[in-house]
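Okay, so here's the structure we're looking at.
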Amino acid sequence: AQSVTQLDSHVSVSEGTPVLLRCNYSSSYSPSLFWYVQHPNKGLQLLLKYTSAATLVKGINGFEAEFKKSETSFHLTKPSAHMSDAAEYFCVVSDPSGSARQLTFGSGTQLTVLP
Amino acid sequence: DTEVTQTPKHLVMGMTNKKSLKCEQHMGHRAMYWYKQKAKKPPELMFVYSYEKLSINESVPSRFSPECPNSSLLNLHLHALQPEDSALYLCASSQKSGEGYLGDTQYFGPGTRLTVL
């Protein structure tokens, strides 16, 4: 069975400072990992995806994430936060067995960006 | 284009009403999904369609009835809902190029905000 843990339910940063959203996963096999962002009353938007190619994955809007197998982590970072980054972020692991019950979601991290 | 559209954006219905949610994608994806999302929670999988056939029903009450009329369209028919069914209903699609879903990326629509009175 697979699982994903987002270590912080809330993160607050000042505009222009770095963002770090932490995610640890558990999977029996090499997983696919995703970060999605959800702005208030909106759907989920794919930020980036890891699929066993490069361990450092670049996404949209300046976000990137690094896959560290030894630490079973997939933390999301951005060098400089913008007010528009305020949203809910979900770390997601894809079932490597190829099951239709494909995605296991983390509980989410609410990012607040202070002016 | 990675767009999934959903209509309506908002829906208010009484417990005796019948209504439908609609989802559409034109990416050629052959897997489509319905999720339910309560406030401050991650989405919960309800149904999966693969090649227009129902593949997964996550023990969803029969007052929710999915339908996939063609490869681009997914409906969710609602009847006799309860107030606790109020939530954001999200549709997603993925390519499903092989036998399984390995490596598929799901693309989500904006959701329908449902309120049951």
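Letters A, B, ... are given to chains in the order of the sequence lines, protein chains preceding strands, and every chain is numbered from 1.
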Practice problem: Check the pair B:Glu67, B:Tyr49 against side-chain hydrogen bond (donor to acceptor under 3.5 Å, both in side chains), reporting the backbone distance first and the verdict last. | Solution: CA-CA 9 Å; B:Glu67 179 197 21; B:Tyr49 272 84; over 6 Å; no

Self-check item: Contact check, side chains of B:Ser93 and B:Met32, non-hydrogen atoms, under 4.5 Å
Solution: yes

Quiz item: Does B:Leu117 sit in a hydrophobic cluster with other residues, and if so which ones, taking ILVMFWY side chains as linked at heavy-atom separations under 4.5 Å, directly or through other members?
Solution: B:Val12

Exercise. Please report the C-alpha distance between B:Glu24 and B:Gln6 in whole Å, then the side-chain angles of each, then the deciding distance to 0.1 Å, and finally whether the side-chain hydrogen bond (donor to acceptor under 3.5 Å, both in side chains) criterion is met.
Key: CA-CA 6 Å; B:Glu24 201 160 3; B:Gln6 290 187 243; over 6 Å; no

Exercise. Sort A:Leu46 into side chain, backbone, both or neither according to what part of it lies under 4.5 angstrom from a heavy atom of chain B.
Key: side chain

Quiz item: In terms of side-chain geometry, is the basic nitrogen of B:Arg30 or B:Glu52 positioned less than 4.0 Å from the acidic oxygen of its partner?
Solution: yes

Quiz prompt | Contacting moiety of B:Glu44, where chain A heavy atoms sit under 4.5 Å | solution = neither

Quiz item: If you check every heavy atom in residues 106-115 of chain A against those of chain B, which residues fall under 4.5 Å?
Solution: A:Gly106, A:Ser107, A:Gln110

Quiz prompt | Which portion of A:Gln38 sits near chain B, non-hydrogen atoms under 4.5 angstrom | solution = side chain

Quiz item: Heavy atoms, side chains only, cut-off 4.5 Å: are B:Ser94 and B:Tyr107 in contact?
Solution: no

Exercise. Answer yes or no: is there an ion pair linking A:Lys58 with A:Glu64, defined by an N-O contact shorter than 4.0 Å?
Key: yes

